[in-house]
Trainee: 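Following this message is one structure expressed as structure tokens.
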2 protein chains.
Amino acid sequence: MIEPGTRRHAIDMVASELFHTNGYAATSVRDIAKALDIQAASMYAHVASKEDVLWSIVDGAATAFERRADDALGDASATDPVDRLAALVEAHVEVITADPQRSSVFVTEWRHLSPERRSAISDRRDAYEARFRTAIEDGIAVGAFGATDPALAATFLLTALNGIATWYRPDGRLSADRIADHYVDLALRSLSEDHR
Amino acid sequence: MIEPGTRRHAIDMVASELFHTNGYAATSVRDIAKALDIQAASMYAHVASKEDVLWSIVDGAATAFERRADDALGDASATDPVDRLAALVEAHVEVITADPQRSSVFVTEWRHLSPERRSAISDRRDAYEARFRTAIEDGIAVGAFGATDPALAATFLLTALNGIATWYRPDGRLSADRIADHYVDLALRSLSEDHR
DNA sequence: CCTACCGATCGGTAGG
DNA sequence: CCTACCGATCGGTAGG
């Protein structure tokens with residue numbers, strides 16, 4: 001973990017914003033350094049490479065999603081599949097709205113990681129998505145959700161959820177809490193029994 | 001419109017794939033030229049700039065979405081708000097699965113366009129999203145959909161829909177038709193009356 | 001954290 | 001569509 005308040009931490013915050021706005025490949029080490037008012041070469045006193053900066057952002061975001069999902073599923077109330085899915089959706093929205101730049105870099109820039117790191121993230125994403133899929137499967141099994149393709153439904157929900165990172169603004173029309181409430185509702189309804 | 005079969009068209013197809021896989025900024029003019037077995041300088045006999053290639057891909061995708069939505073709404077059966085939304089969702093999925101690379105470039109790479117082109121695309125996206133929002137509003141007004149925030153619901157659906165461009169593979173487990181059917185279902189259910 | 005610098009690569013042009 | 005080339009910028013290193 002990187003200590004808040006350190007220069008290393010400031011690098012990640014500044015880089016998150018630049019990678020979010022312009023993308024990793026279109027952001028130069030000089031851009032990051034300029035935002036910190038230091039020389040480009042001085043960046044290398046704190047990081048070994050530009051890719052290491054991307055990695056710490058992506059790894060930090062992945063860890064945040066995993067921890068919040070653990071907490072959400074750890075609650076005693078989360079034995080019911082519907083409650084479990086609701087808790088997962090709420091946790092996911094909260095992680096995104098707490099740091100939309102980092103989240104959007106996680107969602108969109110991981111292809112610029114080295115093959116090893118990319119595949120490690122891919123595995124963690126699969127495990128994370130499996131929590132959603134399992135909650136959906138269990139909900140169908142007990143008749144709380146309508147029959148559907150659980151893997152596809154999980155992907156449907158997670159892409160909608162991740163989309164928040166691309167459009168959310170802290171000063172926007174809806175607060176993070178309201179968005180979370182609405183998305184939990186939309187998610188649960190999308191899995192409800194047939195609407196006809 | 002660019003004639004299929006021409007070199008100019010081949011440039012767009014090759015560039016779509018490279019921009020989709022590596023991103024616009026991480027793809028060089030030399031990468032595109034190499035895939036076409038010509039020299040980088042020869043590219044400029046066909047295009048004025050790298051950004052022009054991105055523009056023709058993004059503009060082509062935007063036009064495809066607009067046309068298919070027009071067709072979908074032009075059908076006589078599409079006076080009912082629920083049918084209208086279903087037709088919009090189906091059309092959107094079909095445009096994406098017909099050319100996922102172009103669609104994903106449209107969704108993720110428009111920030112690399114010039115400010116004028118970016119704002120033109122932003123306006124067209126807003127108009128396109130308004131069709132979804134209006135169908136949702138009308139559906140709520142006639143009691144076919146449950147009460148919800150129409151703008152947020154439209155964003156929820158469109159981000160889920162656009163996500164298809166990032167994961168769809170023609171040789172995947174589900175055919176394009178099956179995906180469209182499932183997504184229409186998920187979309188309509190997500191807007192249904194309260195599930196409790 | 002700085003100055004000074006490196007080889008590689010970038011988008012694009014000139015002239016055929 | 002090619003060869004030859006341009007100035008700018010890239011990620012990163014040496015040495016303090």
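Throughout, a chain's letter reflects where its sequence line sits, starting with A, and its residues are numbered from 1.
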Trainee: Is the distance between the ring centroids of B/H20 and B/F106 under 6.0 Å?
Mentor: no
Trainee: Nearest nucleotide by nearest heavy atom, which residue falls closer to the 5' end of DNA chain D, A/A26 or A/A48?
Mentor: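 This one resolves to A/A26.
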Trainee: Shortest non-hydrogen contact from B/R8 to B/V53?
Mentor: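 Shortest heavy-atom separation between B/R8 and B/V53 comes out as NH2-CA, 4.2 Å.
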Trainee: A/E109 side chain to A/Y24 main-chain N or O, any donor-acceptor pair under 3.5 Å?
Mentor: yes
Trainee: Kindly say whether B/V95 contributes a backbone atom to a donor-acceptor pair with the side chain of B/R68 at under 3.5 angstrom?
Mentor: no
Trainee: May I have the step-by-step check of side chain to side chain donor-acceptor pair (under 3.5 Å) for B/H112 and A/N22, ending in yes or no?
Mentor: CA-CA 8 Å; B/H112 296 109; A/N22 307 318; over 6 Å; no
Trainee: Hey, does the side chain of A/H182 reach the backbone of A/R178 with a donor-acceptor pair shorter than 3.5 angstrom?
Mentor: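 It does hold such a pair.
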Trainee: Locate the shortest heavy-atom distance separating B/A72 from B/A91; write the atom from each residue and the value.
Mentor: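 Closest approach of B/A72 to B/A91: CB-CB, 4.1 Å.
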Trainee: Quick one, which residues of residues 9-17 of chain B touch DNA chain C with a heavy atom under 4.0 Å?
Mentor: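 Those residues: none at all.
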Trainee: Pairs counted as Watson-Crick or G-U wobble with both distances under 3.5 Å: what dot-bracket string results for DNA chain C, using | for bases tied to another strand?
Mentor: ||||||||||||||||
Trainee: Tell me, please, whether A/Y44 has A/K50 positioned over its six-membered ring: NZ or CZ under 6.0 Å from the ring centre and within 45 degrees of its axis?
Mentor: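 No cation-pi geometry.
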Trainee: What are the 5'-most and 3'-most nucleotides of DNA chain C lying under 4.0 Å from any heavy atom of chain A?
Mentor: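 Contact boundaries, 5' end first: C/dC1 to C/dA4.
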Trainee: Is there a donor-acceptor contact under 3.5 Å from the side chain of B/S42 to the main chain of B/I38?
Mentor: no
Trainee: Indicate, with a heavy-atom threshold strictly under 4.0 Å, whether B/A41 touches base, sugar-phosphate, or nothing.
Mentor: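 It contacts base atoms.
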Trainee: On DNA chain C, compare the nucleotides closest to A/R30 and A/I38; which residue's is nearer the 5' end?
Mentor: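 Of the two residues, A/I38 wins.
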Trainee: Between B/D185 (side chain only) and B/D181 (backbone N and O only), is there a donor and an acceptor less than 3.5 Å apart?
Mentor: no
